[in-house]
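In what follows, residues are counted from 1 in the order of the sequence shown.
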Amino acid sequence: MTPMRLPGLLIALCVAAMSALAVADEPWVLVDTDKHVLTVMQDGKELERFEHIAIGRGGPSTLRRKGDGSTPIGRYRIAWVNEDSPFRTFFGFDFPSPADAERGHEAGIIDDRDLARIKAAARGGQVPPQDTPLGGRLGIHGIGGGDPRMHREFNWTQGCIALTNQQVDRLARWIGKGTQVEVR
């Protein structure tokens, strides 16, 4: 490498590091499927905690199939927000992720074409295909017109993470498109 290129490389590395720090400083969401708690985190600190959340009726899973009602375990980003959802506000995940697609492909759930489509969407920063055998249209939402007592007692969703309407309204202050979500 010539000495003239070194300053440009250093500048590029500094800019990349600063961008990574800016993302690290943003709020993110941790979902604990065992404790039924969703926590908004930032810089290692808890900003807000939401208890008594509901998950999919099929429980948590690292290998999800369309229609099984399971909540996917993994890291996602909010890929879209629908404020006119029947479930109050809907924060849609970029599910299936490339990791979900790899597991689904290895298990024979999706074919080479679907694997390639999901990976291409991730590379392009697009919402992944929602029509594969892994399913789609998963995210965080309220209960809409549902019964709050049922919500508190049962895992009732088709794989999403549900909060009460009041909780999802409070959550909306912290997150938006691009927010990282880790489901454990």
Side-chain angles (χ1 to χ4, degrees), residues 20 23-44 46-82 85 87 89-142 155-163 167-168 171-172 174-184:
V23 171
D25 289 342
E26 294 178 7
W28 61 281
V29 173
L30 174 61
V31 178
D32 185 326
T33 58
D34 287 334
K35 294 180 180 173
H36 290 84
V37 173
L38 182 150
T39 308
V40 179
M41 304 290 295
Q42 184 175 22
D43 297 326
E46 184 178 298
L47 298 178
E48 189 157 4
R49 180 181 178 97
F50 302 92
E51 297 184 354
H52 307 293
I53 65 169
I55 62 171
R57 59 180 165 67
S61 177
T62 57
L63 186 60
R64 184 180 197 284
R65 294 175 191 257
K66 182 178 182 177
D68 72 2
S70 68
T71 298
I73 299 295
R75 289 185 179 194
Y76 304 98
R77 290 216 177 260
I78 302 298
W80 75 90
V81 179
N82 179 0
S85 165
F87 297 103
T89 303
F90 187 93
F91 297 97
F93 294 162
D94 61 350
F95 176 89
S97 70
D100 295 314
E102 287 288 347
R103 284 189 298 273
H105 187 259
E106 288 173 16
I109 299 170
I110 63 170
D111 58 22
D112 293 342
R113 180 177 171 272
D114 284 335
L115 176 64
R117 290 171 56 214
I118 292 166
K119 287 184 171 185
R123 280 192 306 274
Q126 302 296 313
V127 175
Q130 301 292 288
D131 62 349
T132 74
L134 297 175
R137 310 258 335 134
L138 297 175
I140 302 168
H141 58 71
N155 287 326
W156 58 271
T157 76
Q158 296 297 314
C160 291
I161 293 137
L163 289 77
Q167 289 174 324
V168 84
L171 179 65
W174 297 108
I175 70 170
K177 191 173 176 184
T179 301
Q180 182 177 316
V181 178
E182 183 175 340
V183 183
R184 296 182 188 164

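Atom CD of Q42 is separated from atom CD of E26 by 8.5 Å, given to the nearest 0.5 angstrom. If you take OG1 on T157 and NE2 on H141, they are separated by 5.5 Å, rounding to the nearest 0.5 Å. In this structure, the separation between CD1 on I118 and CD on Q126 is 14.5 Å, given to the nearest 0.5 Å. Distance check: Q130 CD to R137 CZ gives 6.5 Å after rounding to the nearest 0.5 Å.
When each of T39, I78, I175, I161 is tested with V29 by the rule side-chain contact (heavy atoms from CB on, under 4.5 Å), just one qualifies, namely I175.
Heavy atoms from other residues, nucleotides or ligands lying under 6.0 Å from CZ of R57 number more than 12.
Closest non-hydrogen pair, G56 versus T71, comes out as N-OG1, 2.7 Å. Taking every heavy atom of both residues into account, F90 and G139 meet most closely at CZ-N, 3.7 Å. Nearest approach of L134 to D100, heavy atoms of both residues: CD1-O, 3.9 Å. Considering every non-hydrogen atom in both E51 and Q167, the closest pair reads O-NE2, 3.0 Å. Of all heavy-atom pairs between R64 and G159, the closest is NH2-CA, 4.1 Å. Considering every non-hydrogen atom in both V183 and P72, the closest pair reads CG1-O, 3.3 Å.
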Under the criterion side-chain hydrogen bond (donor to acceptor under 3.5 Å, both in side chains), I'd like the reasoning laid out for H36 against N155: C-alpha separation, chi angles, the key distance, then a yes or no. CA-CA 9 Å; H36 290 84; N155 287 326; 3.1 Å; yes
Passes side chain to side chain contact (heavy atoms under 4.5 Å, CB included), W80 versus F91? Steps please. CA-CA 6 Å; W80 75 90; F91 297 97; over 6 Å; no
Could you walk me through whether D32 and L38 satisfy the side chain to side chain contact (heavy atoms under 4.5 Å, CB included) test, starting with their C-alpha distance in whole Å, then the side-chain angles of each, then the deciding distance to 0.1 Å, before giving a yes or no? CA-CA 6 Å; D32 185 326; L38 182 150; over 6 Å; no
In sequence, state the C-alpha distance, the side-chain angles, and the governing distance for V40 and L171, and then conclude on side chain to side chain contact (heavy atoms under 4.5 Å, CB included). CA-CA 8 Å; V40 179; L171 179 65; 3.6 Å; yes
Kindly indicate, with the supporting measurements, whether the criterion salt bridge (charged side-chain N to carboxylate O under 4.0 Å, His left out) is fulfilled by R103 and E106. CA-CA 5 Å; R103 284 189 298 273; E106 288 173 16; over 6 Å; no
Go through it in stages, so that I can follow the logic: the residues are W174 and E48, the test is side-chain hydrogen bond (donor to acceptor under 3.5 Å, both in side chains), and I'd like the CA-CA distance, side-chain angles, deciding distance and then a yes or no. CA-CA 9 Å; W174 297 108; E48 189 157 4; 2.7 Å; yes
Evaluation steps, side chain to side chain contact (heavy atoms under 4.5 Å, CB included), between N82 and T89: CA-CA 6 Å; N82 179 0; T89 303; over 6 Å; no
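A salt bridge does not link R65 to D68: none of the charged side-chain nitrogens sits closer than 4.0 Å to a carboxylate oxygen. K119 and E102 are joined by a salt bridge, as a carboxylate oxygen and a charged side-chain nitrogen come within less than 4.0 angstrom of each other. The pair D131-R117 meets the salt-bridge criterion, with a side-chain N (NZ, NE, NH1 or NH2) lying under 4.0 Å from an Asp/Glu carboxylate O.
Put simply, the side chain of T179 gets close to the backbone of G176: a donor and an acceptor are under 3.5 Å apart. A donor-acceptor contact shorter than 3.5 Å links the side chain of T33 to the backbone of R184. No side-chain donor-acceptor contact under 3.5 Å links Q158 to the backbone of L138.
The shortest side-chain heavy-atom distance between S97 and Y76 falls under the 4.5 Å cut-off. Residues V31 and V181 meet the side-chain proximity criterion, which asks for heavy atoms closer than 4.5 Å. Looking only at side-chain heavy atoms (C-beta outward), I140 and C160 stay at 4.5 Å or farther from each other. When side chains are defined from C-beta on, K66 does not count as touching T132, because their heavy atoms never get closer than 4.5 Å.
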